[in-house]
Amino acid sequence: MRFQRIHHGATDSTSERAFAAIESGSARHGDLHVATGQSAGRGRFGRRWFSPPDEGLYLSLVLLPPPPPWSPAALTMATGLAVFDAAQALGCKDAWLKWPNDLMVGRAKLAGILVETRGFHPERPHYVVGIGMNVRQRTFPEELRAEREVTSLALLGIDVSLERAEECVTAALGRRVDDLGDIANRETELCVDFISATRLLHQPVRALIGEEETRGTLAGLSIAHGLLLHLIGGREARLPLEFVRELERV
Ligand code: BTN
């Protein structure tokens, strides 16, 4: 996939810039909005994304595909894997994916992804894939550290430029989004890669759908049938991917 890079310098949020372009009708499939810093970077569940200038990677990809053969769940998995692949390419071998697509090292978050759509129309789907990666930060604000553990490539001893980080993320993103176009032949690979990146296969897990918790051993994952859990007593549960809010080892 080819990207058209749109550089904003400092902005409110690259995802907001992407939606503004979609709403004005000027957006193209493959537009990649990149910023040096964000004053209103946002994360999942309405959280703020800490976006100091020239320290992190902040980018949002516009996807305006023809009605795609893949589901939003497949896109979420593919983008998580792209960031995972990029971290490996940058020398971060210990990264893993926390459901659905937080990039972690140990218990600390290194990168996050926000896949959004507004006014979704099945015949004219659009998605904005926002990616934030902590690259050169050496400190994080107290209020963020109070919420969760965070890290950056620099704190992990990986000294790379923002340009190099962007190069690796966009190369991996291009490959993973291209693979989605051939999902009929690549679904198994996507699921195997994803489950391996979560490190949860054959592990005892708890999955949350709404407030309902299911506990079992993770036995597999497929786009069509969801997560397969082996429950106590020999029973099985299949949980649709788009409804699983949390999945973690117990
Ligand atoms: C999360 O893990 O909560 C998702 C974080 C996504 C942050 C990125 S930074 C670039 C893009 N613009 C935003 O405002 N958010 C995403």
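All figures in this text were calculated on a predicted structure; none of them were measured in a lab. Whatever order the structure lists them in is the order used to number ligands and atoms, beginning at 1. Atoms considered below: every heavy atom in the structure, side chains included; atoms not considered: hydrogens, waters and symmetry mates.
More than 12 heavy atoms of other residues, nucleotides or ligands shown are found within 6.0 angstrom of CZ on R148. Taking a 6.0 Å sphere around CZ of R107, one finds it holds 12 or fewer heavy atoms contributed by other residues, nucleotides or ligands.
Classification of E147 and R48 as a salt-bridged pair fails, no side-chain N sitting under 4.0 Å from a carboxylate O. In this structure, D85 does not pair ionically with R175, as no charged nitrogen and carboxylate oxygen lie closer than 4.0 Å.
The residue R47 has no part lying near ligand 1, judged by heavy-atom distances below 4.0 Å. Proximity of I113 to ligand 1, defined as any heavy-atom pair under 4.0 Å, is confined to the backbone N, CA, C and O atoms.
Distance from atom 15 (N) of ligand 1 to its nearest protein heavy atom, with residue and atom name: R42 O, 2.7 Å. For atom 3 (O) of ligand 1, the closest non-hydrogen atom on the protein side is R44 N, 2.6 Å.
Screening T11, T14, D12 for a side chain to side chain donor-acceptor pair (under 3.5 Å) with Q38, the sole residue that qualifies is T14.
Atoms of ligand 1 lying under 4.0 Å from any heavy atom of G41, numbered from 1 in the order shown and given with element: 14 (O). Residue contact check: G43 has heavy atoms under 4.0 Å from atoms 1 (C), 3 (O), 4 (C), 5 (C) of ligand 1. For ligand 1, the atoms closer than 4.0 angstrom to any heavy atom of S13 are 12 (N), 13 (C), 14 (O). Heavy-atom contacts of T14 reach the following atoms of ligand 1: 10 (C), 11 (C), 12 (N) (cutoff under 4.0 Å). Short contacts between ligand 1 and S60, defined as distances under 4.0 Å to a heavy atom of the residue, involve ligand atoms 11 (C), 12 (N).
At least one heavy atom of K109 sits under 4.0 Å from some atom of ligand 1.
Taking the six-membered ring where the residue is Trp, F194 and W99 present perpendicular rings, their angle passing 60° and hence far from 30°.
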